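Since the model is a prediction, treat every value here as computed from it, not as a measurement.
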Amino acid sequence: MLSFESDYIEGAHDRVLQRLVETNMEKLTGYGADPYCESAKAKIREACSCPDAEIFFLTGGTQTNMIVIHTMLKAYEGVLAAQTGHVSLHEAGAIEAHGHKVLQLPQHQGKIRADELREYLVHFMQDENHEHMVYPGMVYISHPTEYGTLYSRKELEELSGICREYHIPLYMDGARLGYALMSPETDVTLPVIAKLCDVFYIGGTKVGALCGEAVVFTKNHMPRCFMTMVKQQGALLAKGRLLGIQFDTLFTDDLYFKISRHAIEMAMLLKEGFRQKGCTFYLDSPTNQQFIILEDSEAERLREHVVLSFWEKTDDTHAVYRFATSWATKEEDVEALLELM
């Protein structure tokens, strides 16, 4: 059975597993105070060209979004996000469960626009009743978006400028950040992200790690007593080494970027194959997630041989399906899928 269901269906890169085995019997201090976590942080700071960055390792994306947003917002503040943002739709109300409303903005192929963000903030402040309302206290974006689309450097600069004008942090969800950075269509780099965002995370779960996300705070934005609040939420991993070793490996010899590039190469091979087969694309994605429109009967036929993700209905007989490649996708699997189309 072929599977293009998602980019976290495999375990971890062999080098990550090898390092976990090699270091397994070492006796190390817990809670991330071990030399591997410190080494990983140093390598990430260097990759971001941000020597003052404060870094903390957490285990998963929803956990990371919830903790970052909860610890950075005041009790009366909410987070602005696209209607299709992960925190808006697919995190089971994790943000709201911790007392912060998700304030939705219009989405444009998964992205928010600077002019609409400014309009929201201007209208909020001009509303004579705004003291009775949830204050916009943070802007959340994901890169790539839920639709595999990318922000340009200019778009990030515009969003960052507005956030600084209104003194609210810009937070980037980087669950698939490696695949964004290695897209041939991007002009955004890690140093650019570190310069323009106040906090972001580098996703490991979807990019070669068993689990783990590296939260990067810039401009002294790490909340006071952050580790204490992480523990309060039940998210402090006693064996923090498990995350540090993985990220230390991923950021050695550019492994993170090399395996991300492989996923993009497989996605572009798949994309060209779909094009040659005459498939209808839902949108033009430059990353590892490709979205095509299939007739229901065709989708059911494919599902006898391939695991794929339903995305949304387009009419009574057609729907959008997502095909995701990853660091582990094999070229022969892409070819086998295209043979079935």
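The cluster map of Ile, Leu, Val, Met, Phe, Trp and Tyr, joined by side-chain heavy atoms under 4.5 Å apart, puts L340 and L270 in the same cluster. Transitive grouping of hydrophobic side chains (ILVMFWY, heavy atoms separated by less than 4.5 Å) keeps M266 and L255 in distinct clusters.
Checked by atom type and distance alone, the side chain of K41 never pairs as donor or acceptor with a backbone atom of E54 at under 3.5 Å. Checking side-chain atoms of E131 against main-chain N and O of E128 turns up no donor-acceptor pair under 3.5 Å. At least one donor-acceptor pair under 3.5 Å links the side chain of E77 to the backbone N or O of K74. With hydrogens and angles disregarded, no donor-acceptor distance shorter than 3.5 Å links the side chain of D187 to the backbone of S152. A distance-only check finds a donor-acceptor pair linking the side chain of H262 to the backbone of T329 [under 3.5 Å].
Aromatic ring pairs are classed by plane angle as parallel below 30°, tilted from 30° to 60° and perpendicular above 60°; the pair F247 and F57 is parallel. The aromatic rings of F323 and F274 lie perpendicular to each other, with more than 60° between the two planes, well past the 30° mark. A perpendicular orientation is assigned to the rings of F124 and Y135, their planes being inclined by more than 60° (bins at 30° and 60°).
Ion pair R176/D7 flagged as a salt bridge, since at least one NZ, NE, NH1 or NH2 atom sits closer than 4.0 Å to an Asp/Glu carboxylate oxygen. Between E265 and R261, none of the side-chain N atoms (NZ, or NE/NH1/NH2) sits under 4.0 Å from a carboxylate O, so this pair counts as no salt bridge. Using a cutoff of 4.0 Å between basic side-chain nitrogens and carboxylate oxygens, E157 and K154 are not scored as salt-bridged. Ion pairing of K313 with D296 is present here, as a side-chain N (NZ or NE/NH1/NH2) and a carboxylate O approach within less than 4.0 Å. Remark: E165 engages R118 in a salt bridge, criterion side-chain N to carboxylate O under 4.0 Å.
Using a 4.5 Å heavy-atom cutoff, the side chains of T64 and V215 are in contact. For the pair K219 and R164, the minimum side-chain heavy-atom distance is below 4.5 Å. With a 4.5 Å cut-off on side-chain heavy atoms, W327 and Y8 do not count as touching. I168 has its side chain within reach of L121: a pair of non-hydrogen atoms, C-beta onward, lies under 4.5 Å apart. Residues V188 and L196 fail the side-chain proximity criterion, which asks for heavy atoms closer than 4.5 Å. Counting heavy atoms from C-beta outward, L156 and I141 have side chains that approach closer than 4.5 Å.
A ring pair (Phe, Tyr, Trp, His ring centres under 6.0 Å) with F291 is found for one member of Y321, Y282, W311 and no other, namely W311.
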Side-chain donor/acceptor pairs under 3.5 Å, residues 82-90, sequence neighbours excluded:
from : atom 1 : to  : atom 2 : distance (Å)
H86  : ND1    : E91 : OE2    : 2.9
S88  : OG     : A82 : O      : 2.8

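More than 12 heavy atoms of other residues, nucleotides or ligands lie within 6.0 Å of CD in E22, so this atom counts as buried by the packing criterion.
Among pairs with a residue in residues 156-176, those fulfilling ring pair (Phe, Tyr, Trp, His ring centres under 6.0 Å) read Y140-Y171, at least two apart in sequence or across chains.
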